[in-house]
Visitor: 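Would you mind keeping the following structure in view while I ask a few things?
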Amino acid sequence: MILNCCRDDWANFSYDNHLAMQAVGIDSVCVKLKRHDYEYENQARTISVSTLKELIKQADIVQVFHSDKWMHQYLEGKKVIVYHAGSTYRMHHAYYNHLWRNADLHVVCLGEFWKLAPKNKRYLVGAMEMAADYSNCHHPLEIAHYPSNPEVKGTNHIINMLSDISSDKYYFLCDTNAVDYRQQLERLKTCDIYIEMFKLELGQNVYGSFGITALEAAAMGKIVVTNNLHKELYQDVYGDCALQIVNTEQEFKDKINQLINLSTHELRELQHNTKQWALKHSYSATGDRIKSFHTAIN
């Protein structure tokens, strides 16, 4: 049995990893200690510390999420894969590399972490369920931005850049109010183009890596504009990327101008290609990649 565990499962990342494993026949259990604030309809089971200890004893491999230092105390003698997927690792990677120095494998889920992690590492973008097709072509085009965290996603910068692009070919919808996961998906369904983020640094650290919302929008058939400062790493592991990657202000403005001037046929084709690309990060495709991690440490 493979056990996925964490205290807090940001963006349901561990749970989606668990579903990816199940999709390819891996015996997986997913648990956490705190229920998610976004109230996902489906999420990891919330358990007590005593139950967690018992599950760890039964597991063949324990996958620890979000670099969780607290879990370390319970894992002596276990095969461990630790996932680094957030700002905790970004700010304190040296500490976590030392803490988890005996882990069998480190999995980095953001491109900027690749050079920070130890040698025994793999790169994995998150998994998500493929959605129904909600590709649209409104006239004018609907461009949307619904950040989970406006500061982290660079919302003010996005608004300022779009204010320089005056055109009757699009209108911009932006809502920074926190909503639950179901409501977030409903908001995503209506747009033609989704701007996920424009944030190249977080604090004093390199950032610029697209997140789960980019995958969710792509799976619906949306054209997605976002950052990726580590395109070469992504391409080496996954191949071509259908997201519209913009890493400078000029690239952002040029890309928006290009998109709003495409024909309906060209927009539809780009939406179709984006949805097809999202299959690379479906549960089954990601499950096969995770399975290779387990093979590597057995």
Side-chain angles (χ1 to χ4, degrees), residues 1-23 26-93 95-110 113 116-118 121-129 148-149 152 180-181 209 211-213 215-216 281 283 286-287 289-290 293-294 297:
M1 179 263 285
I2 311 299
L3 177 65
N4 277 10
C5 59
C6 58
R7 281 184 290 178
D8 205 334
D9 189 13
W10 307 108
N12 239 16
F13 190 91
S14 175
Y15 184 70
D16 283 327
N17 183 285
H18 155 73
L19 294 180
M21 287 191 286
Q22 288 193 326
I26 298 173
D27 180 16
S28 172
V29 173
C30 187
V31 297
K32 60 183 178 180
L33 301 183
K34 178 184 175 184
R35 188 166 175 82
H36 205 290
D37 292 340
Y38 288 174
E39 288 301 326
Y40 289 95
E41 185 175 351
N42 298 302
Q43 54 181 296
R45 181 162 54 103
T46 305
I47 60 169
S48 66
V49 174
S50 59
T51 301
L52 173 65
K53 291 178 183 178
E54 288 303 313
L55 288 171
I56 288 173
K57 290 178 184 178
Q58 299 168 26
D60 299 300
I61 298 173
V62 179
Q63 295 199 144
V64 176
F65 283 79
H66 317 307
S67 315
D68 196 319
K69 65 180 180 181
W70 181 85
M71 293 285 176
H72 186 269
Q73 63 188 306
Y74 301 120
L75 296 172
E76 185 176 352
K78 304 300 296 190
K79 288 188 175 181
V80 175
I81 299 176
V82 57
Y83 283 70
H84 305 299
S87 290
T88 296
Y89 186 76
R90 179 181 291 107
M91 294 184 292
H92 307 292
H93 61 275
Y95 169 80
Y96 285 102
N97 288 347
H98 179 73
L99 178 71
W100 293 106
R101 61 192 178 279
N102 294 322
D104 295 275
L105 197 66
H106 294 252
V107 179
V108 298
C109 306
L110 296 171
F113 294 171
L116 305 180
K121 59 189 172 186
R122 298 289 190 277
Y123 173 60
L124 181 80
V125 174
M128 46 80 204
E129 184 177 11
S148 54
N149 184 324
V152 170
D180 66 30
Y181 182 63
S209 292
I212 297 298
T213 307
L215 301 181
E216 291 169 340
H281 304 292
Y283 286 149
T286 303
R289 182 155 176 76
I290 298 167
F293 300 165
H294 301 162
I297 68 171

Visitor: Evaluate whether atom CD of E41 has more than 12 neighbouring non-hydrogen atoms of other residues, nucleotides or ligands under 6.0 angstrom away.
Guide: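 Result for CD/E41: open.
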Visitor: Considering the options E216, E39, Q43, H36, which one meets the side-chain hydrogen bond (donor to acceptor under 3.5 Å, both in side chains) requirement together with Y181?
Guide: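 By the side-chain hydrogen bond (donor to acceptor under 3.5 Å, both in side chains) criterion, Y181 pairs with just one of E216, E39, Q43, H36: E216.
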Visitor: Can you tell whether the side chains of D68 and R7 come within less than 4.0 Å, N to carboxylate O?
Guide: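 Looking at R7 together with D68, the answer is yes, because their closest N to O distance falls below 4.0 Å.
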Visitor: Could you tell me which non-hydrogen atom of A44 sits nearest to which non-hydrogen atom of K32, and how far apart they are?
Guide: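 Scanning both residues, the minimum pair turns out to be O-CE, 3.5 Å.
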Visitor: Classify the ring geometry of Y74 against W70: parallel below 30°, tilted from 30° to 60°, perpendicular beyond 60°.
Guide: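 Perpendicular.
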Visitor: Assess whether atom NZ of K69 is packed by more than 12 heavy atoms of other residues, nucleotides or ligands within 6.0 Å.
Guide: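 Atom NZ in K69 is not crowded, with 12 or fewer foreign heavy atoms closer than 6.0 Å.
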Visitor: Under a 3.5 Å cutoff, is there a donor and acceptor pairing between the side chains of R90 and S87?
Guide: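 A donor-acceptor contact under 3.5 Å links the two side chains.
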Visitor: Looking at I56, L55, D60, which hits side chain to side chain contact (heavy atoms under 4.5 Å, CB included) with Q58?
Guide: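 It is L55; the other options fail the test.
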Visitor: What distance do N4 atom CG and N17 atom CG have between them, rounded to the nearest 0.5 Å?
Guide: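 N4 CG to N17 CG: 5.0 Å, rounded to 0.5 Å.
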Visitor: Mind checking whether Y89 and H84 have parallel, tilted or perpendicular rings, split at 30° and 60°?
Guide: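 Judged by the thresholds at 30° and 60°, the geometry between Y89 and H84 is parallel.
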Visitor: Compare all side-chain heavy atoms of F13 with those of Y83 and state whether any distance is below 4.5 angstrom.
Guide: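 Result yes, sub-4.5 Å side-chain heavy-atom pair found.
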Visitor: Grab the two heavy atoms, one from H72 and one from L99, that are nearest each other, plus how far apart they are.
Guide: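 Nearest pair, atom of H72 first, then L99: NE2-O, 3.0 Å.
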Visitor: Centroid-to-centroid, H93 to Y96, below 6.0 Å?
Guide: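 Centroid separation for H93 and Y96: 6.0 Å or greater.
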